[in-house]
Amino acid sequence: MSRFPYRAVTLVSRGNSMRLRSFLRIFAVCGLLASLFATATPGSAAGTSTIQTGVVTFSQANATTWYPVTFDESFDVVPVVVMGPISFNGSHPAVMRVRNVTTTGFEYQLDEWDYLDAGHTGETVSWVAATPGQHDLRKMTAFATTVVLDHQWQTVSLAGFDAPPVVFGSVGSDNDPSAAAIRMRNVTATSVELRIQEEEAYDKVGQPRDAAETVQVMAFSEGSTTEDGLALVVGKTTDSVTHSWHTVNTRSRGVTGVLADMQTFDGGDTAGIRYRNLGDTGVDVRVEEEKSQNSETSHTTEVVGWMLITSW
């Protein structure tokens, strides 16, 4: 089990206390401004060598376009990276994909479903990177791992939780260029079932994906934590989110990013999550189906897990 780094200053002289307090006030203000700018700048990160977060805003011309992210601080080992959901500036349904994750950064792409042209207007998407394994946060637990998946359900083990956590997943390679979502079911304290889901026109029972993908998986216990300039609030909805917009009401000052993912597989049609109206009072989310098979996009209720990310 690993812990986030904790920095402390020891007061060694009464005569230096006044100057030390002044220095610390200046240092704290500079650190706060730096973390805010780092999170708001596309492609940048905030956090530590154990966990970092970022927000990117971009538009995409075609399916061959990839964008780089460089971590503010290199990781000691290759981290796990999860990304999404996509904001709702463009109406074409899409999901996110990452690849080439290293200790210094990764690449990402917006994947419109294959019946579309892959060009997309500007969107804003958040990401979280964390070292693999179990992490003891203040008042929360996190777990990160990677797994190789195809269209078949696979059980992925989780560690460190007393209750079912909130799980986030991202395609982490481009072995098969077909757009794909990560779907999950049966989230428990010790495991989750995951599979890759292609658009409905191709995602048939018994029809395998051309190639398996590395999938990035991250889980967090519900609650909140503040760690070295980051504040995370994690929760999940009731089984109530459909294709209509659903408001997640929660207060968190200075929200800069959001993760969200379906925790259930109540509806089998291919779908992802989109968001809008992200702010200090919450966020709107909905389930977004694609139209490769037909024009029907109604979706039954799902449980959606979410994380609000704040710099302070």
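Side chains are part of it too, since the values below use all heavy atoms of this structure and drop only hydrogens, waters and symmetry mates.
A tilted orientation is assigned to the rings of Phe106 and Phe71, their planes being inclined by 30° to 60°. Aromatic ring orientation, Trp245 versus Phe88: perpendicular (interplanar angle above 60°, classes split at 30° and 60°).
Residue Val287 is not grouped with residue Ile86 when hydrophobic side chains (ILVMFWY) are merged at heavy-atom distances under 4.5 angstrom, including chains of intermediate members. Connection of Val95 to Val98 is not established within any shared hydrophobic cluster, with ILVMFWY side chains joined at heavy-atom distances below 4.5 Å, either directly or through further cluster members.
The shortest side-chain heavy-atom distance between Val234 and Ser221 does not fall under the 4.5 Å cut-off. Counting only heavy atoms from C-beta outward, the side chains of Val233 and Thr310 never approach each other to under 4.5 Å. Looking at Val171 and Ile182, their side chains come closer than 4.5 Å, going by heavy atoms from C-beta outward. Contact of the Thr146 side chain with the Val217 side chain is not registered, since no non-hydrogen atoms from C-beta on lie closer than 4.5 Å.
In this view, Glu123 and Arg274 satisfy the salt bridge (charged side-chain N to carboxylate O under 4.0 Å, His left out) rule, not counting sequence neighbours. In this structure Asp261 satisfies the salt bridge (charged side-chain N to carboxylate O under 4.0 Å, His left out) test with no other residue, sequence neighbours excluded. Qualifying salt bridge (charged side-chain N to carboxylate O under 4.0 Å, His left out) partners for Arg251, counting only residues two or more places apart in sequence or in other chains: none.
Checked against the 6.0 Å centroid criterion, the rings of Trp127 and Phe168 do not qualify as a close aromatic pair. Two rings, from Tyr275 and Trp306, have their centers 6.0 Å or more apart.
Within the 3.5 Å criterion, the main-chain N or O of Leu232 finds no donor-acceptor partner in the side chain of Thr225.
Between the side chains of Ser170 and Gln216, no donor-acceptor pair of N or O atoms lies under 3.5 Å. A donor-acceptor pair shorter than 3.5 Å can be found between the side chains of Glu213 and Ser173. For Asp176 and Ser178, the side-chain atoms include at least one donor-acceptor pair closer than 3.5 Å. Using a 3.5 Å distance cut-off with no hydrogens or angles, the side chains of Ser240 and Thr301 do not pair a donor with an acceptor.
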message = The test is side chain to side chain contact (heavy atoms under 4.5 Å, CB included); show your working for Arg97 and Trp66 and say whether it passes.
response = CA-CA 10 Å; Arg97 183 190 293 239; Trp66 290 86; 3.6 Å; yes
query = Is there a side chain to side chain contact (heavy atoms under 4.5 Å, CB included) between Met262 and Met184 once you walk through the steps?
reply = CA-CA 7 Å; Met262 281 178 279; Met184 67 184 74; 5.7 Å; no
request  = Verify side chain to side chain contact (heavy atoms under 4.5 Å, CB included) between Leu110 and Glu112, making sure each step is shown before the conclusion.
outcome  = CA-CA 6 Å; Leu110 182 146; Glu112 286 194 348; 3.7 Å; yes
inquiry  = Could you walk me through whether Glu200 and Trp113 satisfy the side chain to side chain contact (heavy atoms under 4.5 Å, CB included) test, starting with their C-alpha distance in whole Å, then the side-chain angles of each, then the deciding distance to 0.1 Å, before giving a yes or no?
reply    = CA-CA 10 Å; Glu200 286 185 61; Trp113 297 101; over 6 Å; no
